2 protein chains.
Amino acid sequence: MREIAKIAQVSVATVSRVSRGTGQVSPEMRERVLRVIEEYGYRPSQMGRALAEQKHGSVAMVFPGLAGPYFSELIQGFESEAMAVGASVHILATHHRAGAGEQVLTMAERVDGMAVHGGTLSDDALRRVAERVPVVTLAGRSMDGVPAVRADNTTIGELTRHLLLDHGYRRLAFVGNPDGSPDVTERWEAFKAAHRAAKVSAPREPLRLGLQQSDGVIAAGELLEGRRRPRAVVCANDETALGLLIGALGRGLSVPADVAITGFDDVPMASLVQPRLTTVRQPIRELGATTARLLISGLGGPGAVMDAVLATEPVLRESCGCTTTRRSESKGERT
Amino acid sequence: MREIAKIAQVSVATVSRVSRGTGQVSPEMRERVLRVIEEYGYRPSQMGRALAEQKHGSVAMVFPGLAGPYFSELIQGFESEAMAVGASVHILATHHRAGAGEQVLTMAERVDGMAVHGGTLSDDALRRVAERVPVVTLAGRSMDGVPAVRADNTTIGELTRHLLLDHGYRRLAFVGNPDGSPDVTERWEAFKAAHRAAKVSAPREPLRLGLQQSDGVIAAGELLEGRRRPRAVVCANDETALGLLIGALGRGLSVPADVAITGFDDVPMASLVQPRLTTVRQPIRELGATTARLLISGLGGPGAVMDAVLATEPVLRESCGCTTTRRSESKGERT
DNA sequence: TTGTAAGCGTTATCAT
DNA sequence: ATGATAACGCTTACAA
């Protein structure tokens with residue numbers, strides 16, 4: 001910068017003002033400086049700027065893992081908002097590693113804010129991070145001063161009611177580990193609550209597996225082999241539902257005739273497979289974007305958002321047993 | 001830091017030396033400083049350090065998108081190496097956005113090095129980035145001073161030969177867009193070359209689709225509906241192969257009896273589906289790790305790595321028509 | 001072994 | 001409107 005200032009015969013202050021478009025500079029001065037900047041290809045040092053402004057200009061997202069379309073959509077939504085304010089995005093996938101807590105703390109020193117996905121850190125670890133840097137919980141419970149952005153998971157209860165009452169299915173199974181993440185906890189609870197509300201006997205224990213497609217395939221092995229196959233399987237997300245579907249088809253079973261399947265998310269694949277997947281639509285992209293906005297602006301102060309719950313909606317297609325006229329995708333696809 | 005120095009009754013230099021474990025400090029002094037650091041929970045400012053050391057302490061990965069297990073594995077490999085040296089990882093998915101070039105340039109100002117995935121930037125844009133920050137191309141061609149880390153894509157030719165000669169299939173189709181990325185370009189070329197080597201007529205034009213599972217489902221619609229269905233489909237990666245498999249099963253077709261399918265990557269799902277997927281195993285994690293190592297150490301100077309090609313191997317399972325005794329997964333699963 | 005002080009590249013507050 | 005100059009928080013010769 002000093003170079004530029006010397007060459008353009010001005011002070012560094014002026015160069016700074018021109019380069020960031022702040023303060024008052026006369027047109028001719030601005031022009032002169034701009035030309036030199038252009039000619040020498042000068043770009044202000046991010047380090048110098050960071051130190052002076054006391055902000056890194058970047059934000060972070062922390063996940064347990066990155067597999068599947070859910071995370072990439074989340075990142076996409078988050079990233080687009082971050083880009084809009086010129087912040088770059090750090091990403092850390094802990095994979096439940098041992099040193100994860102320490103790594104998150106280290107990362108906290110390098111960013112202006114952090115979004116932590118539910119199921120990644122213990123409450124305690126999260127609190128420690130939150131006292132160093134602004135934090136928003138993504139798909140988790142809000143806590144102390146840490147706001148949360150999440151989707152309404154109770155809609156999976158409507159789906160369950162639909163299977164139980166509209167279709168009259170009994171013996172429903174749930175695939176997903178309620179202890180794995182707040183999302184799954186809530187979905188399992190809603191699933192149970194729907195059974196109570198319908199006054200049918202309580203479901204059996206959930207099949208505690210991960211949320212990847214491969215877990216769905218494994219679930220197929222567990223659930224579809226034996227004689228007492230469940231009539232319908234409610235999966236904690238679309239990926240496992242898709243894996244289960246593949247496993248069912250690969251075994252020559254018919255869906256939904258032999259077994260009905262439902263998911264959660266409404267990822268693109270859900271409406272492409274045969275039969276199309278009945279699921280709950282969750283605005284994943286919006287979830288990411290909202291989180292970013294909260295992190296960048298807002299946060300803290302009286303009247304700040306403490307908990308943002310985004311609406312979800314059931315999407316009834318064929319995999320639950322509904323027959324569809326297949327007109328418009330949006331409406332009219334209910335039984 | 002000055003606070004700590006004052007409280008511990010030492011100079012800032014000593015605090016610095018203690019906190020970074022460099023230089024000579026007497027045990028008692030170190031002890032004293034350490035206690036104060038501990039007590040006040042002092043953590044050195046990354047900004048101050050960055051400015052003084054003239055390095056950001058972070059590296060970046062740039063991708064066209066993030067969907068699928070391929071990218072998450074890549075990131076995992078890269079991240080583990082980066083963590084090892086205390087560097088954090090920026091991630092940018094361009095999604096072929098318009099302003100992508102500019103965003104990459106901006107990101108270049110914030111990192112010590114950048115890994116750019118093939119198919120993300122034009123040669124020209126890449127060159128512009130490379131003159132600002134060290135760059136390694138991931139899964140692309142090396143260029144000028146930019147080294148590349150990639151896998152051996154020609155092995156897909158062996159697979160093609162296997163289909164053509166061992167199984168005697170004709171009418172093979174290729175799914176993937178050779179213009180989309182260097183990886184697919186090379187795979188398509190190897191596919192064609194295998195046809196020439198086997199002295200059979202040249203294959204028809206590739207079905208130019210993306211690399212996601214949903215693209216495979218779309219491919220199923222294109223390829224499996226008509227009368228002149230291909231006898232075997234060589235997919236540019238496992239995700240599309242899996243999508244194609246789902247599409248085939250959903251249509252009541254039998255794989256490999258009606259149509260054989262092969263992929264590339266050997267993702268976990270490949271060995272879980274029914275029939276198991278014949279594919280080419282690529283060390284994705286290693287690819288990421290090698291890239292990170294190259295970026296962090298090495299790079300530049302005489303004798304530096306310019307092109308690292310990692311070995312791949314064919315994995316013959318049932319989806320190509322091989323019958324397996326299903327003994328050990330590793331060996332003995334060839335025809 | 002320890003301390004002093006000069007950077008590192010900006011921004012921002014004052015004067016002018 | 002422009003220019004000095006003091007931060008910002010750390011590292012690292014160089015001195016003591």
Side-chain angles (χ1 to χ4, degrees), chain A residues 1-37 40-58 85-88 105-112 132-133, chain B residues 1-37 40-58 85-88 105-112 132-133:
Chain A
M1 186 165 115
R2 263 192 274 275
E3 299 258 306
I4 300 296
K6 193 150 62 205
I7 294 165
Q9 313 263 46
V10 296
S11 73
V12 291
T14 302
V15 176
S16 174
R17 284 190 274 256
V18 169
S19 97
R20 61 197 320 262
T22 171
Q24 301 293 302
V25 197
S26 72
E28 56 265 33
M29 195 100 281
R30 145 165 293 113
E31 175 59 26
R32 171 143 56 106
V33 175
L34 240 28
R35 247 207 332 276
V36 179
I37 285 180
Y40 288 75
Y42 161 84
R43 312 264 296 197
S45 148
Q46 202 48 227
M47 298 163 182
R49 185 168 280 186
L51 187 57
E53 292 183 327
Q54 289 295 80
K55 56 184 302 199
H56 304 267
S58 55
V85 300
S88 60
L105 251 345
T106 302
M107 164 152 270
E109 307 290 333
R110 310 172 116 91
V111 299
D112 301 319
R132 302 207 152 277
V133 71
Chain B
M1 186 165 114
R2 264 191 277 273
E3 299 259 305
I4 300 296
K6 191 148 67 207
I7 294 164
Q9 313 261 47
V10 297
S11 72
V12 291
T14 302
V15 176
S16 172
R17 286 190 272 256
V18 169
S19 97
R20 61 200 321 264
T22 171
Q24 303 293 303
V25 196
S26 72
E28 56 265 34
M29 195 101 280
R30 144 166 293 113
E31 176 57 27
R32 172 144 53 105
V33 176
L34 240 28
R35 246 207 333 277
V36 179
I37 284 180
Y40 289 75
Y42 162 82
R43 312 265 295 196
S45 148
Q46 203 46 230
M47 300 164 180
R49 186 168 280 187
L51 188 56
E53 291 184 327
Q54 289 294 81
K55 54 183 303 198
H56 305 268
S58 55
V85 300
S88 60
L105 251 345
T106 302
M107 163 152 270
E109 308 288 333
R110 309 170 116 91
V111 298
D112 301 320
R132 301 208 152 276
V133 70

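Numbers restart at 1 for each chain; the letters A, B, ... are given by sequence-line order, proteins then strands. Since this is a predicted model, take the numbers as computed values, not measurements. Both backbone and side-chain heavy atoms feed into the values below; hydrogens, waters and symmetry mates do not.
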What pairs with A:Glu53 under salt bridge (charged side-chain N to carboxylate O under 4.0 Å, His left out), at least two apart in sequence or on another chain? A:Arg20
Check salt bridge (charged side-chain N to carboxylate O under 4.0 Å, His left out) between B:Arg35 and all other residues, then give those that pass, not counting sequence neighbours. B:Glu31
Enumerate donor-acceptor pairs with a distance under 3.5 Å from any side-chain N or O in residues 1-15 of chain A to protein atoms, sequence neighbours excluded.
{"unit_1": "A:Ser11", "atom_1": "OG", "unit_2": "A:Ala13", "atom_2": "N", "d": "3.4"}
{"unit_1": "A:Ser11", "atom_1": "OG", "unit_2": "A:Thr14", "atom_2": "N", "d": "3.4"}
{"unit_1": "A:Ser11", "atom_1": "OG", "unit_2": "A:Thr14", "atom_2": "OG1", "d": "3.4"}

Expected string for nucleotides 6-11 of chain C under the B/S/- scheme (protein heavy atoms, under 4.0 Å, primed atoms plus P, OP1, OP2 as sugar-phosphate) is -BBBBB
Within this structure, what is the CE-CZ distance for the pair B:Met47 and A:Arg49, rounded to the nearest 0.5 Å? 13.0 Å
When the distance from CD1 of B:Ile37 to P of D:dC10 is rounded to whole Å, what number comes out? 10 Å
When you measure from every atom of DNA chain C, which of residues 26-35 of chain A have a heavy atom less than 4.0 Å away? none
Side-chain N or O of B:Thr14 versus OP1/OP2 of C:dG3: is the shortest distance under 4.0 Å? yes
If you round to the nearest 0.5 Å, how far is NE2 of A:His56 from CG of A:Leu51? 10.0 Å
So B:Ser88 and B:Gln46, do their side chains get closer than 4.5 Å, heavy atoms only? no
Between A:Arg43 and B:Arg132 (side chain of the first, backbone of the second, donor and acceptor by atom type, cut-off under 3.5 Å), is there such a pair? no
For A:His56 and D:dC8, give me the distance from atom NE2 to atom P, rounded to whole Å. 16 Å
Rounded to the nearest 0.5 Å, how far apart are CD of B:Glu28 and CZ of B:Arg30? 10.5 Å
Atom NZ of A:Lys55 to atom P of D:dG9: distance rounded to whole Å? 16 Å
Starting from the first five and the last five pairs of the helix from C:dT1-D:dA16 to C:dT16-D:dA1, work out the angle between the resulting helix axes, to 10 degrees. 40°
Restricting to non-hydrogen atoms, name the atom on B:Val133 and the atom on B:Ala108 that form the minimum distance, rounded to 0.1 Å. CG1-CB, 3.9 Å
